[in-house]
Amino acid sequence: MYEPRKEDKFSFGLWTVANRGRDPFGEATRPTMSPTHIVKKLAEIGAWGVNLHDNDLIPIDASASERDRIISDFKKALADNGLAVGMATTNLFYDPVFKDGAFTANDGRVRSYAIQKVMNAIDVGAELGAPIFVFWGGREGTEVDFSKDHAESVKRTREAINFLCNYVKDQGYNIKFSLEAKPNEPRGDIYFSTSGAMLGFIATLQYPEMVGVNPEVAHELMANLNVAHVVGQCLDADKLFIIHLNGQKYARYDQDLRFGSEDLNGAFSLVHMLETHNFQGSLEFDAHAYRTEDEEGVWDFARGCMRNYLILREKSRQFQQDAEAQDILKSNDIKCDSWNAVASGYSRDTAEKIKNSDYPKQEMSERGLRYERLDQIVGEILMGVR
Ligand code: GCO
Ligand code: MN
């Protein structure tokens with residue numbers, strides 16, 4: 001029941017399972033893993049796809065012939081193992097040239113070099129059949145707030161994304177863009193700190209229909225937000241292209257823990273939202289194994305991410321079939337003709353009618369909603385005693 005299948009559309013970044021356990025205080029604890037080995041192992045454990053930055057696969061200084069050889073080996077590994085590429089993206093944060101940002105660097109040559117790097121990465125994504133191309137601007141931001149004009153930074157980001165949308169159209173690629181928000185780390189403060197900020201920005205683009213978002217659990221929690229609420233707004237806007245799943249304790253550094261290992265209620269609410277809205281995008285794990293693990297531990301981590309999602313999906317179904325829980329929800333869902341008239345659009349008649357209506361305020365105020373019981377039921381489902 002909890003064995004991942006292709007149709008679950010689980011994917012992992014090359015950078016996630018290849019993470020070597022390096023942190024700001026300590027060296028790597030695991031050896032490197034080749035992309036083709038990762039593809040083989042991911043297929044073995046039941047993943048549907050793999051995601052990558054340009055430089056997870058192709059070294060930044062590779063020659064044209066090296067690039068072509070690496071891509072053809074990787075394509076062969078994908079085909080041999082029946083794995084898809086869920087998304088591709090550009091590393092615009094590691095190289096020292098991006099120390100003050102890519103699209104928002106003060107140096108125009110850096111901004112232009114970033115466009116070159118993205119176009120090359122989009123070509124790679126297209127060659128590998130990636131339907132989505134992600135933008136995560138880890139270095140787009142500041143420590144010194146008067147070093148940049150922040151309105152100008154927004155404008156420059158718009159100019160870059162508009163240009164790149166046109167590039168995709170011009171090449172005839174079947175690719176959409178997805179913007180990933182994070183409030184800080186590695187910059188002191190990163191621009192477009194939440195998915196909500198991204199949604200506002202997308203509406204100002206030349207081709208808003210080409211661009212969506214991929215909220216990440218850890219990033220929204222770093223901003224002290226409720227991930228299920230964030231996802232609700234993205235779904236409503238029809239902008240949830242993909243999602244980055246992981247685990248995180250509130251308001252800390254970016255922990256990128258195994259999905260479901262923290263905040264079980266939050267993870268449940270998120271899976272419940274995705275499942276009840278029949279989300280069809282890929283479920284991408286952007287997390288990594290603890291520093292204590294060897295390679296076997298990495299695959300324990302990866303299996304754990306998928307298994308936890310599937311367990312929570314099953315718990316969501318159990319909740320949807322739980323007679324007592326459903327009875328509580330139903331009894332709180334009270335229909336009202338006046339509201340139906342509001343929802344179907346304005347009329348002077350409805351406005352008049354509502355102004356002149358009497359409401360049973362006391363009864364409405366005094367009704368107990370039984371959310372204590374509802375939460376206990378879910379808790380017991382999650383703890384496995386119901
Ligand atoms: C992070 C981000 C990245 C991005 C990745 C692809 O490190 O905080 O989550 O892992 O997801 O660069 O966009
Ligand atoms: Mn991410």
Side-chain angles (χ1 to χ4, degrees), residues 1-5 7-12 16 45-47 195 215-235 240 243-252 254-290 297 299-333 368-386:
M1 186 147 84
Y2 306 128
E3 280 300 306
R5 293 160 314 156
E7 52 268 39
D8 298 321
K9 285 192 93 174
F10 291 131
S11 72
F12 289 84
T16 66
I45 64 172
S195 298
E216 173 167 324
V217 173
H219 298 179
E220 304 294 331
L221 291 183
M222 287 168 75
N224 231 353
L225 299 179
N226 179 317
V227 186
H229 292 198
V230 169
V231 158
Q233 196 183 354
C234 299
L235 284 167
L240 190 71
I243 184 152
H244 277 190
L245 299 170
N246 54 17
Q248 169 79 16
K249 290 182 204 274
Y250 261 109
R252 299 204 177 172
D254 189 12
Q255 296 181 303
D256 286 341
L257 302 168
R258 186 176 75 258
F259 179 66
S261 65
E262 285 293 334
D263 182 21
L264 211 48
N265 254 295
F268 171 79
S269 305
L270 171 60
V271 171
H272 183 63
M273 274 301 290
L274 294 172
E275 292 300 321
T276 51
H277 285 263
N278 197 21
F279 176 63
Q280 294 295 314
S282 55
L283 301 166
E284 307 192 342
F285 296 104
D286 190 1
H288 51 78
Y290 306 130
W299 304 119
D300 287 339
F301 147 82
R303 279 193 212 92
C305 285
M306 296 187 286
R307 188 171 165 84
N308 287 347
Y309 187 96
L310 294 172
I311 294 169
L312 289 170
R313 183 172 77 185
E314 191 51 37
K315 300 289 181 192
S316 165
R317 288 176 184 158
Q318 190 184 340
F319 173 64
Q320 290 169 65
Q321 285 157 15
D322 188 290
E324 191 185 352
Q326 293 311 309
D327 179 62
I328 294 173
L329 292 176
K330 205 159 156 256
S331 65
N332 284 327
D333 183 10
L369 303 184
R370 292 157 74 205
Y371 289 163
E372 281 290 353
R373 184 66 198 138
L374 188 67
D375 191 62
Q376 183 66 22
I377 291 170
V378 169
E380 294 194 10
I381 289 175
L382 291 179
M383 288 186 281
V385 296
R386 189 172 169 97

* Apply side-chain contact (heavy atoms from CB on, under 4.5 Å) to the pair R386 and F319, showing each step before the final yes or no. => CA-CA 10 Å; R386 189 172 169 97; F319 173 64; over 6 Å; no
* To do: Flag yes if more than 12 heavy atoms outside Q326 fall under 6.0 Å of its CD atom; otherwise flag no.
  =>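 Yes, enclosed.
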* Asked: Above 12 or not: heavy atoms from other molecules or residues under 6.0 Å from CD of Q233?
  ->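 No, CD of Q233 has 12 or fewer neighbouring heavy atoms, counting only those of other groups under 6.0 Å.
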* Establish, from distance only, whether the side-chain atoms of D286 and N246 form a donor-acceptor pair under 3.5 Å. =>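 On atom types as modelled, these side chains do not qualify, holding no pair under 3.5 Å.
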* To do: Consider only side-chain N and O atoms of Q376 and E380, and report whether a donor and an acceptor are under 3.5 Å apart.
  =>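 A donor-acceptor contact under 3.5 Å links the two side chains.
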* Asked: Looking at side-chain heavy atoms only, is the closest gap between I328 and I377 below 4.5 Å?
  ->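 A side-chain contact exists here, since the closest heavy-atom pair is under 4.5 Å.
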* Validation row: R303, W299 side chains within 4.5 angstrom (heavy atoms) ->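 SC-SC contact between R303 and W299 confirmed.
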* **salt bridge (Lys or Arg N to Asp or Glu O under 4.0 Å) partners of E7, counting only residues at least two apart** =>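 Result, salt bridge (Lys or Arg N to Asp or Glu O under 4.0 Å) vs E7: R5.
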* Run the salt-bridge test on R252 and E262 with the 4.0 Å N-O cut-off and return the result as yes or no. =>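 Salt bridge absent between R252 and E262.
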[X] side chain to [Y] backbone, donor-acceptor under 3.5 Å:
{"X": "Q248", "Y": "E216", "result": "no"}
{"X": "Q318", "Y": "E314", "result": "no"}
{"X": "Q280", "Y": "N278", "result": "yes"}

* How far apart are the C-alpha atoms of L270 and L245, what are their side-chain angles, what is the distance that settles it, and do they pass the side-chain contact (heavy atoms from CB on, under 4.5 Å) test? -> CA-CA 10 Å; L270 171 60; L245 299 170; 3.7 Å; yes
To the closest 0.5 Å, what do you measure between [atom1] ([X]) and [atom2] ([Y])?
{"X": "F259", "Y": "H244", "atom1": "CZ", "atom2": "NE2", "answer": "13.5 Å"}
{"X": "L225", "Y": "Y250", "atom1": "CG", "atom2": "OH", "answer": "8.0 Å"}
{"X": "M1", "Y": "I311", "atom1": "CE", "atom2": "CD1", "answer": "9.0 Å"}
{"X": "L382", "Y": "S316", "atom1": "CG", "atom2": "OG", "answer": "10.0 Å"}
{"X": "F12", "Y": "L283", "atom1": "CZ", "atom2": "CG", "answer": "10.5 Å"}
{"X": "Q255", "Y": "H288", "atom1": "CD", "atom2": "NE2", "answer": "9.5 Å"}

* To do: Could you please spell out the steps behind the side-chain contact (heavy atoms from CB on, under 4.5 Å) verdict for M273 and H229?
  => CA-CA 9 Å; M273 274 301 290; H229 292 198; over 6 Å; no
Closest heavy-atom pair and its distance - [X], [Y]:
{"X": "M306", "Y": "I45", "value": "CE-O, 3.3 Å"}
{"X": "F285", "Y": "T16", "value": "O-CG2, 3.5 Å"}
{"X": "E284", "Y": "S11", "value": "CG-OG, 3.2 Å"}
{"X": "F279", "Y": "L240", "value": "CE1-O, 3.1 Å"}
{"X": "G260", "Y": "A267", "value": "CA-CB, 4.4 Å"}
{"X": "E220", "Y": "S195", "value": "OE2-OG, 2.6 Å"}

* Asked: Would L257 and Y290 satisfy side-chain contact (heavy atoms from CB on, under 4.5 Å), going step by step from the backbone distance to the final call?
  -> CA-CA 8 Å; L257 302 168; Y290 306 130; 3.8 Å; yes
* For the side chain to side chain contact (heavy atoms under 4.5 Å, CB included) test, which of N332, D327, L329 pairs with R370? ->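 Testing R370 for a side chain to side chain contact (heavy atoms under 4.5 Å, CB included) against N332, D327, L329 leaves exactly one candidate, D327.
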